[in-house]
**Student:** 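Below: one structure in structure tokens.
Numbering starts at 1 and runs along the sequence shown.
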Amino acid sequence: MTTIRQRKGGKVPEADEDQPSEEKNVKSKGKILSDHTGGKLWNILSLTVGGIVAIFLGLLTSVYVATLHENDLWFSNIKEVEREISFRTECGLYYSYYKQMIQAASIQQGIVNCECSCVLQQYLEPVYFYIYTLFGLQAVYVIALYVTSWLLSGTWLSGLLAACWYITNRIDTTRVEFTIPLRENWALPFFAVQIAAITYLFRSHLQPAQERWTLLAVFVATFLFSLTWQFNQFMMLIQALALFILDCFDILPTAKVTRLYIIQISGLLLVCALQFFNSMILGSLLISFNASILIARTIQKNLKKGSLLSRLGKLILHALLVSSLTLLVNKFIKKILNLESDEHIFKFLKAKFGFGATRDFDASLYLCEEAFGLLPLNTFSRLSDTLLFYVYVFVLFPMTVTAVIVALRNLSCSNQALEKMEECTISLKPDAAYNLIHTVLFGCLALSTMRMKYLWTSHMCVFASFGLCSTEVWRLILKCVHLYTSQRTQVIKYLIPIITLLYILYKFWPGIMDELLELREFYDPDTVELMNWIKSNTPNTAVFAGSMQLLAGVKLCTGRTLTNHPHYEDKHLRERTKQIYQIYAKRSPEDVYRILRSFSTDYVILEDSICYERRHSRGCRLRDLLDIANGHIMDGLGENEPDLKPSLYPRFCEEIKKNLPSYTIHFTRVFQNKTFHVYKLAKHK
């Protein structure tokens with residue numbers, strides 16, 4: 001029975017005008033169910049469209065860089081030797097191992113026995129399988145960047161913007177089209193996948209099964225990244241430092257951070273085993289750092305309890321403890337295993353950051369290379385042309401301020417207060433916090449070392465696009481200027497990215513089309529002539545000495561044995577390279593002959609571009625580095641260190657061309673063109 005009560009100040013409604021409460025509840029539940037169903041369908045549609053766009057942009061990027069590579073070299077039309085020479089410096093070395101593998105008798109027999117592989121070779125040459133695999137990884141790279149931005153912002157529009165920025169800033173985000181086999185081109189796509197998986201891992205309310213699968217994805221990506229790049233341990237050390245900082249300030253859940261530490265160690269140890277127990281990995285700072293954090297936690301209790309000053313004191317002590325343990329553990333490992341593989345890197349870092357000059361030859365090679373110098377200022381002007389740098393700074397500033405406020409609040413709040421964090425005006429999600437500290441630390445790395453900019457600029461695309469499409473970022477900015485409304489925030493978070501995309505399309509689409517129409521051709525007749533001569537006029541067992549970069553091409557194009565090559569992470573190989581390079585120093589012919597024959601050298605290749613180098617300034621030319629290391633005064637006008645002395649002998653690479661008896665008794669010139677001079681070593685009894 002329905003009771004009708006007169007409303008205060010109103011009339012009694014008609015009985016048939018009022019609805020039974022049961023009917024109201026049914027309609028209310030129906031409306032909620034309808035809204036829920038509609039929202040679910042919308043989410044499915046958005047996920048489908050966003051996924052299709054991600055795959056399309058990934059494939060588009062892959063085709064784009066492949067087309068640029070073809071147009072630049074006319075790769076499909078040049079000879080095999082020219083294709084192989086186009087893999088410059090260490091790129092040729094890496095490709096040579098692939099070539100060696102596919103030409104091995106057992107591999108060939110396996111292909112013969114498998115019809116499907118036979119079919120593949122009919123339509124695709126091995127070199128194309130190799131380069132298309134790498135271009136395909138670019139698709140994986142872009143999709144990973146797209147997904148990371150999507151996860152952070154909640155809209156695939158952010159991923160679209162990140163991918164467009166990656167493509168339009170190609171000069172500063174990748175160099176895959178002209179250094180295809182470079183190890184970083186194999187590794188960085190997996191690093192991007194790892195970052196995407198970590199971003200998803202730090203989302204709240206993950207189901208246990210989701211978390212387990214995500215951790216597996218992180219492990220696989222970490223393993224593949226570590227397997228394919230020699231600098232993996234240094235990149236993951238920065239990543240571990242980011243996790244450590246955020247964990248100390250209670251911004252990330254400690255349990256998940258601990259699992260990531262363990263994954264990093266496990267991935268590296270597995271790579272160490274697969275690389276025949278690579279000593280450089282065992283002595284890495286990353287393993288020592290992660291192990292030290294886990295040890296320090298067991299020593300220090302109640303680290304996250306107490307007042308602000310108490311916790312700050314504990315954090316400082318914790319940081320000092322972890323740093324000290326890291327150095328002690330690392331020194332202990334290197335002492336026990338007698339490891340010296342990475343000593344040149346620490347000498348390079350010490351000299352680079354002003355902790356004393358160095359005459360170390362290996363460290364000086366890095367210091368004198370532009371790629372290991374500071375990031376050029378014109379990089380920022382290029383990034384600003386696409387609005388990327390402006391947006392990045394615009395997003396970075398409020399996010400950094402938010403992170404500082406949240407960190408201080410976490411240190412000063414009790415555990416009960418932290419449980420009510422969602423009620424606070426300013427908050428920072430764990431996934432956004434991780435990507436913030438990631439971009440800051442890798443930005444510092446890029447500013448100090450230009451070669452590492454590709455790790456920063458690609459993530460810059462992700463971070464800037466996320467901020468431009470983020471409800472949280474726009475809410476914070478609009479509240480600061482007292483313009484916040486929910487509707488205004490929703491309009492701005494979609495309108496500004498769309499305007500940015502239209503601007504990028506309008507300004508850069510014609511240039512991209514023109515770039516795709518530019519046709520060039522590979523041309524290096526001197527190197528082609530050298531490689532053809534070696535193949536035709538030297539025995540297969542001949543041993544060649546020369547510069548690291550050239551010998552990588554010799555190995556690839558001719559299959560001859562080398563005295564040294566660009567794999568510079570091995571101490572003994574570094575020492576051997578320094579000895580071989582005495583061909584460009586001021587040494588007697590007897591000394592050079594003795595050194596070369598100690599490595600069973602049959603032929604030595606001299607390059608005019610090194611002997612008379614002008615690319616570097618005085619003090620950074622290879623011949624200068626050798627003179628300094630040998631204690632000799634450098635050529636040309638300029639100052640010399642007071643303890644350097646004149647050499648008793650002229651420069652070998654210059655004097656040998658005069659055909660003096662003291663040289664011809666040991667060396668006979670057998671090949672010469674405008675660039676190269678090949679000498680055969682006499683075999684004295």
**Student:** Measure from the side-chain N and O atoms of Y98 to the backbone N and O of P126, and report whether any donor-acceptor pair falls under 3.5 Å.
**Tutor:** yes
**Student:** Flag this pair as yes if the NZ/CZ of R83 is under 6.0 angstrom from the six-membered ring centre of F75 and inside a 45 degree cone about the axis; otherwise no.
**Tutor:** yes
**Student:** If the threshold is 4.0 Å, N to carboxylate O, is there a salt bridge linking D360 and R574?
**Tutor:** no
**Student:** Are F671 and Y603 an aromatic pair, judged by ring center distance below 6.0 Å?
**Tutor:** no
**Student:** Does the gap between the ring centers of F463 and H438 come in under 6.0 Å?
**Tutor:** no
**Student:** Dump the intermediate steps for side chain to side chain donor-acceptor pair (under 3.5 Å) on Y392 and T439, then the final yes or no.
**Tutor:** CA-CA 10 Å; Y392 177 77; T439 197; 2.7 Å; yes
**Student:** Should the pair E369-R451 be classified as a salt bridge under the 4.0 Å nitrogen-to-oxygen rule?
**Tutor:** no
**Student:** Can you check whether W533's main-chain N or O pairs, donor with acceptor, with S536's side chain at less than 3.5 Å?
**Tutor:** no
**Student:** Assess whether a salt bridge exists between E518 and R520, defined as any Lys/Arg side-chain N lying under 4.0 Å from an Asp/Glu carboxylate O.
**Tutor:** yes
**Student:** For the pair K99 (side chain) and L556 (backbone), establish whether a donor and an acceptor sit closer than 3.5 Å, ignoring hydrogens and angles.
**Tutor:** yes
**Student:** Please report the interatomic distance OG(S448) to NZ(K453), rounded to the nearest 0.5 Å.
**Tutor:** 13.5 Å
**Student:** Does the T173 side chain pair with the main chain of Y166, one donor and one acceptor, at a distance under 3.5 Å?
**Tutor:** yes
**Student:** Can you check whether D524's main-chain N or O pairs, donor with acceptor, with T527's side chain at less than 3.5 Å?
**Tutor:** no
**Student:** Between Y146 (side chain only) and G50 (backbone N and O only), is there a donor and an acceptor less than 3.5 Å apart?
**Tutor:** yes
**Student:** Looking at D635 and R623, is there a salt bridge between them, counting it only when a charged N and a carboxylate O are closer than 4.0 Å?
**Tutor:** yes
**Student:** For the CZ atom on F599, are there more than 12 heavy atoms of other groups (residues, nucleotides or ligands in this structure) within a distance under 6.0 Å?
**Tutor:** yes
